[in-house]
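We name chains A, B, ... by the order of the sequence lines, and we start the count at 1 in each one. Since this is a predicted model, take the numbers as computed values, not measurements.
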Number of protein chains: 2
Amino acid sequence: MLSTREKILQTAEALLSEQGIASTSLREITRHAEVNLAAVNYHFGNKQQLVFEVFQCRLDALNNERLQLLDEVIGNSDKISLEAVLRALIYPALMLSRDTEKGGSRFVKLIARLYAENNKELHTFLANHYGHVMKRFAITIQTILPDMPSQELRWQLDFVIGALTYVMADFSGHFSKSGKPKLDAISEADRLVAFAAAGMRSFQPRSAQTDLFVATDNKTQQTTTNQT
Amino acid sequence: MLSTREKILQTAEALLSEQGIASTSLREITRHAEVNLAAVNYHFGNKQQLVFEVFQCRLDALNNERLQLLDEVIGNSDKISLEAVLRALIYPALMLSRDTEKGGSRFVKLIARLYAENNKELHTFLANHYGHVMKRFAITIQTILPDMPSQELRWQLDFVIGALTYVMADFSGHFSKSGKPKLDAISEADRLVAFAAAGMRSFQPRSAQTDLFVATDNKTQQTTTNQT
DNA sequence: GTCTATACAATGATAGAC
DNA sequence: GTCTATCATTGTATAGAC
């Protein structure tokens, strides 16, 4: 027999990721879980905390898988390829987002919903649970691309995470009326890996990079890089 | 004197993008706008429609600016550079997201919040208001990179839009406790343009692309491209 | 057509009994 | 730990004034 807390957590994950946060009432959750309404407040404090805890376990599992893959990549060869590292970052996430059996795809949509809330609590929450993972990836990549300033690397990692989040949440179809033929997770991940790797490798110290742009009469092209 | 409808729209934009959708009640909006609560339902039907209309004018302005820039790029030279095209896509959005004076940055956060709702109405809404813009960019890029299959181009454009959305909403700081020194919009846009251009140019027909990956025992690397 | 006052069901949250 | 009862607030709907 599951504890009241567990019953709430499992029911909440299913309902929240299926219907969204705002559209799922605590009463609906407790009714399906066959527990009392007040039990939510007793065990989790309020609705937001419940939502956080719902995906915390999933988030930890995802990041652990990423780190394990990264360890394998580092351990298996002394010359690490950039693609392999990016793969360790991207694959687990995209596989999870395409896994309908264990509810992974629903969970991913829940993450996307949470993203948009964009509040302070979520900020610190993500910093605590994602921060060390991103840092490890950044450090590893820096051994592969030693000429890239660490700040530049962080921006580029943001680009990659942004693109990943976007395709994970399946926003992709939004811009075409017809929709788009689905690709399997592997192919889609491979494409993103190749795209990201090329983008990262393209970096070269400022100067030769801006010639190609067509000039607009905006502010002058001041580009100060404060770091080596 | 502003019409009731206008007062609601302006107040709603400010409050919604500042506090989020769920946290802003219709009563708060009407109180600040000094109009009656029922006026919202009369003029907009319901809360969701109000939210849509709030950013519709902003969205149109953004896309018109993009298309105008694209026209300039196409008109000014017979050999169009990929960077210039991506710039027309990225610059207006990133400039808007960094414009605190005219409320652009707040508006951008509102977009990000809406993204996560991920409902059917928003899907068709975005298809109607973004679809033709993306199509024009895709067509233009295809003249620059004629060897890229149009499907591949759509995925890559999704990657770019994803990365753009991410940095626009300023999610960037989420993964580090310390935060990150802000860059001006121009520099950040230039970085994303260079990153995206390199990623797009990196495409080459399947086969030579997968060698570098570390093998996992997942599904075989089936990648069918049904389109030229 | 435009606006107002009012009512209603549902929600998240809490206090207190057991 | 669990439950009942209750609260203020929410989005929405309607009837009627101008």
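Under the ring pair (Phe, Tyr, Trp, His ring centres under 6.0 Å) criterion, B/Phe55 pairs with B/Phe125, sequence neighbours left out. For B/Asp60, there are no salt bridge (charged side-chain N to carboxylate O under 4.0 Å, His left out) partners two or more places apart in sequence or in a different chain. Partners of A/Arg5 under the salt bridge (charged side-chain N to carboxylate O under 4.0 Å, His left out) rule, at least two apart in sequence or in another chain, are A/Glu53.
In this model, the phosphate group of D/dT2 is approached by a side-chain N or O of A/His43 to a distance below 4.0 Å at OP1 or OP2. Considering only side-chain N and O atoms, A/Asn41 lies under 4.0 angstrom from the phosphate OP1 or OP2 of C/dT14. Listed pair A/Thr4 / D/dG1 fails the phosphate criterion, with no side-chain N or O lying under 4.0 Å from OP1 or OP2.
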Where do N or O atoms of nucleotides 16-18 of chain D meet protein N or O atoms at under 3.5 Å, pair by pair?
none

Contact list (N/O, under 3.5 angstrom) for nucleotides 5-10 of chain D vs protein:
from	atom 1	to	atom 2	distance (Å)
D/dT10	OP1	B/Ser25	OG	3.4

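Of the possible donor and acceptor atoms, none in the side chain of A/Arg66 sits under 3.5 Å from a partner among the backbone N and O of A/Ala88.
In this structure, CD of A/Glu34 is placed 16 Å from C1' of D/dC3, rounded to the nearest angstrom. Rounded to whole Å, atom P of D/dT2 lies 9 Å from atom NZ of A/Lys7. To the nearest angstrom, C1' of C/dC3 lies 10 Å from CD1 of B/Ile8. Put simply, CD1 on A/Ile21 is 16 Å from P on C/dT11, counting in whole angstrom units. Rounded to whole Å, atom P of D/dT12 lies 9 Å from atom CD of B/Gln48. Counting to the nearest Å, the P atom of C/dA13 and the CZ atom of A/Phe44 are 13 Å from each other. One can place CD of A/Glu6 at 13 Å from P of D/dT2, the figure rounded to the nearest angstrom. Atom CG of A/Asn46 and atom P of C/dA13 are 5 Å apart (whole Å).
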Using the side chain to side chain contact (heavy atoms under 4.5 Å, CB included) rule, take A/Val35 and A/Thr11 through it: C-alpha gap first, then chi angles, then the decisive distance, then the call.
CA-CA 11 Å; A/Val35 300; A/Thr11 313; over 6 Å; no
Please lay out, stage by stage, how B/Asn46 and B/Gln49 fare under the test side chain to side chain contact (heavy atoms under 4.5 Å, CB included).
CA-CA 6 Å; B/Asn46 57 26; B/Gln49 274 304 313; 3.4 Å; yes
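Under the side-chain hydrogen bond (donor to acceptor under 3.5 Å, both in side chains) criterion, the residue pairs touching residues 25-43 of chain A are A/Gln19-A/Glu28, with sequence neighbours excluded.
The side chain of A/Tyr42 approaches D/dG1 more closely than any other nucleotide in the set C/dC3, D/dG1, C/dT14.
Side-chain contact between B/Phe137 and B/Leu86: absent, with no pair of heavy atoms (C-beta onward) separated by less than 4.5 Å.
Contact between B/Ala93 and B/Met168 at its shortest, heavy atoms only, is CB-SD, 3.5 Å.
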